[in-house]
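Notes for the one structure printed next.
Sequence lines set the chain letters: A, B, ... in the order given, protein chains first and strands last, and positions in each chain run from 1. Computed from a predicted structure; not experimentally measured. Heavy-atom basis, side chains included; hydrogens, waters and symmetry copies ignored.
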Amino acid sequence: MKIETVKGTRDFYPDKMRFRNWLFDKLRQVSELYGYEEFDGPFLEYLDLYAAKSGEELVNEQTYILESRGGEKLAIRPEMTPTLARMVAAKQNELRKPIRWFTIPNIWRYEQPQRGRKREFYQWNVDILGVESMDADAEVVAVTVDVLKALGLEKGEFVVRINNRYYLEELLKSLNLDLSLEPAIYREIDRIEKLKPEVFRANLEQAGLDTATVEKLETALRNRNFGDFKPLRDLWERLEQYGIAEYVEFDPSIVRGLLYYTGTVFEVWDPTKRFRRAIMGGGRYDNLITALGGQPLPGVGIACSDVTLEEMLEQLGRLPKLARTLDAFVVHYSPAERPTAIKVASQLRNGGLTTELSLSDLSLDKQLKAASNSGAHFAIIVAPAELERGEVNVKNLQTRQQQTVRVEELATILKGQL
RNA sequence: GUGGUUGUAGUAGAUAGGUAUUACACCUGAUUGUGGAUCAGGGGCAUUGGGUUCGAAUCCCAACUACCACCCCA
């Protein structure tokens, strides 16, 4: 019987794990540079937590739902923001404001896997709560830009497209649109880039708009100038002060699917359009905490997945080359030297050097080959003749140069040469 | 959930019905105290399950995977 991985899941062999750790380290470093603290929550939540605000599609179609033995409906987390909101609401008064938190949880969504999209993935979330002004939104965008730069992306390789849902609302009002049509209209607006113009027009006319209105809407959505709409003006002023205005652009067609967003919404895109989808997404959610029983507390956050980031880096040829690193590999000439080899290895480890010890009595040839394949900087060869003088051979596996070193000085000397 | 493409050793990549090829990797060896070269030798593979056929990697069906387009999204 051959058992494979569950559809849409991944094994992280050490090679892959090295990349994942590298990625997470970058995400943590940048988050912490801005004063964000890491948190985590449970893998399972009550389904009700998502029922209210996450959006029908996400909850009904994409969430893994299971029943506990006690008959309660549980959900495997399909996103992290509701957990964050629940945690914040539960201890709202004792938490220092503003709340700056980040997390990298694994998230599950029942979707058709394809490139850049799995069923289990890790999702970096950065959130700031307790700030009403656009200062918070600007900070989140700044963290986002810095993360992408830290991952090695350069200007022109990504763009943060920003909109404000209230701007869009006013726009629709100015066109005298029936507000009951809004969800349908938003949906089409969100997809405008992917749809052919004819299809876009046809869809909207089907939703009840007349041709003249559709044309006006199209023109308005092409507008890259938000005029005197204050929240966006405030935001842009800050973005300029951060020095990141060159990485962002205003795009009135950004909507986002989650119901809880209010005000600012933004997405990171690949300007070359190699990805026909957002790489990151986020926005402001001013009502979510009250929806979960807390006092009013505004929030802004962004999320992205390890899968899309990896795909993005790969497409751009920016995947880091991460070799396994090991300081020393200790080999011995014959079984008689093994006790000393063990002592030598312990000594190196006590000195803080990562050290692998050969555990077999294979020929020196084989052991050196193993040392070479281990990725170690040095092979330490414990052999009888040198041992009589209290010395071991140290071979630099890159330069192939060999030196003789007194056992007591080994750790110190190696540290100096790494 | 819908439609399409796909699946050959660890990896890459031939094979258009007749005992599966090659490269790299791997293992063994080349007078026994030194790894990456060279040489010689070696093991391992047609996703799975059915069907057609004297005979299937090859044709047909199904399942599964990955990928692509919808859908949606990170």
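Distance from the side chain of A/P113 is smallest to B/A66 among B/A66, B/G35, B/G33. For A/Q114, whose side chain is taken as the heavy atoms from C-beta onward, the closest listed nucleotide among B/A74, B/G35, B/C71 is B/C71.
For the C1' atom pair drawn from B/U31 and B/C27, the interatomic distance equals 22 Å after rounding to whole Å. The C1' atoms of B/U8 and B/C45 are separated by 7 Å, rounded to the nearest whole Å. Across the P atoms, B/G1 and B/C24 are found 45 Å apart, a figure rounded to whole Å. Nucleotides B/G51 and B/U15 are separated by 29 Å at their P atoms, to the nearest Å. Spacing between B/A62 and B/U6 at atom C1', rounded to whole Å, works out to 16 Å. B/C54 and B/U5 have their P atoms separated by 30 Å, with the value rounded to a whole Å. Using P as the reference atom, B/A69 and B/G10 are 30 Å apart when rounded to the nearest Å. Only the P atoms considered, B/A23 is 30 Å distant from B/U34, to the nearest whole Å.
Between A/E311 atom CD and B/A74 atom P the separation is 17 Å, expressed in whole Å. Atom CE in A/M312 sits about 20 Å away from atom P in B/C73, given to the nearest Å. Look at CZ on A/R10: it is 12 Å from P on B/A66, rounded to the nearest Å. The separation between A/I254 atom CD1 and B/C73 atom C1' is 13 Å, rounded to whole Å. Rounded to whole Å, atom C1' of B/U32 lies 14 Å from atom CG of A/L362. Across the protein-nucleic acid pair, A/I302 atom CD1 and B/A74 atom P stand 10 Å apart, rounded to whole Å. In this structure, A/Q315 places its CD atom 19 Å from P of B/A74, rounding to the nearest Å. Atom-to-atom, CD of A/E111 to C1' of B/C70 comes out at 13 Å; the value is rounded to the nearest Å.
Nucleotide B/A69 forms a Watson-Crick or G-U wobble pair with B/U2, both donor-acceptor distances falling under 3.5 Å. Nucleotide B/C24 forms a Watson-Crick or G-U wobble pair with B/G10, both donor-acceptor distances falling under 3.5 Å. Nucleotide B/U47 forms a pair with B/A63, judged by Watson-Crick or G-U wobble geometry with both contacts under 3.5 Å. Base pairing of B/U38: its partner is B/A30, meeting the Watson-Crick or G-U wobble criterion (both donor-acceptor distances under 3.5 Å).
A donor-acceptor contact shorter than 3.5 Å is absent between the side chain of A/R77 and the backbone of A/E45. Looking at A/E337, its side chain does come within 3.5 Å of a backbone N or O of A/S334 through a donor-acceptor pair.
Donor-acceptor pairing under 3.5 Å, judged by distance alone, is absent between the side chain of A/R115 and the base of B/A66.
Using a 4.0 Å heavy-atom distance criterion, A/A371 is classed as making no nucleic acid contact. Among the atoms of the strands shown, only primed sugar atoms or phosphate atoms (P, OP1, OP2) are found under 4.0 Å from some heavy atom of A/Q123. A/R256 comes within 4.0 angstrom of sugar-phosphate atoms only, judged by non-hydrogen atoms across all strands, and of no base. Looking at heavy-atom distances under 4.0 Å, A/D306 makes no contact with the nucleic acid at all. Among the atoms of the strands shown, none is found under 4.0 Å from any heavy atom of A/A379. When heavy atoms are screened at a 4.0 angstrom cut-off, A/I279 is found touching the sugar-phosphate backbone but no base atom. Note on A/G282: nothing from the nucleic acid sits closer than 4.0 angstrom, heavy atoms only. Contacts of A/E386 with the nucleic acid, taken as non-hydrogen atoms under 4.0 Å apart, include base atoms. Contact annotation for A/E267: no contact, since no heavy-atom pair falls under 4.0 Å across all strands. If you check every strand for non-hydrogen atoms under 4.0 Å, A/K7 touches sugar and phosphate atoms only.
Between B/C71 and A/R191, a contact under 4.0 Å exists linking OP1 or OP2 to a side-chain N or O. Contact annotation: A/K369 side-chain N/O to B/C27 OP1/OP2 distance is under 4.0 Å. Between A/R400 and the phosphate of B/U34, there is no side-chain N or O to OP1/OP2 separation shorter than 4.0 Å. At the phosphate of B/U28, OP1 or OP2 sits under 4.0 Å from a side-chain N or O atom of A/K366. A close approach under 4.0 Å does not occur between any side-chain nitrogen or oxygen of A/Q367 and OP1 or OP2 of B/G35.
For A/R117 and A/I381, each mapped to the nucleotide of RNA chain B holding its nearest heavy atom, the one lying further toward the 5' end belongs to A/I381. Across the interface with RNA chain B, nearest-nucleotide mapping of A/T399 and A/Q112 shows A/Q112 to be the residue nearer the 5′ end.
Between A/Q367 and A/S358, the side chains place a donor N or O and an acceptor N or O closer than 3.5 Å (distance only, hydrogens not considered).
Ion pair A/D306/A/R20 not flagged as a salt bridge, since none of the NZ, NE, NH1 or NH2 atoms sits closer than 4.0 Å to an Asp/Glu carboxylate oxygen.
In this structure, the side chains of A/Y110 and A/K7 stay at 4.5 Å or more apart for every pair of heavy atoms. Side-chain contact check for A/V214 versus A/E205: some heavy-atom pair is nearer than 4.5 Å.
The aromatic rings of A/F43 and A/W108 sit perpendicular to each other, their planes meeting at more than 60°, with 30° as the lower class boundary.
Checked against a 6.0 Å centroid threshold, the rings of A/F24 and A/Y122 count as neighbours.
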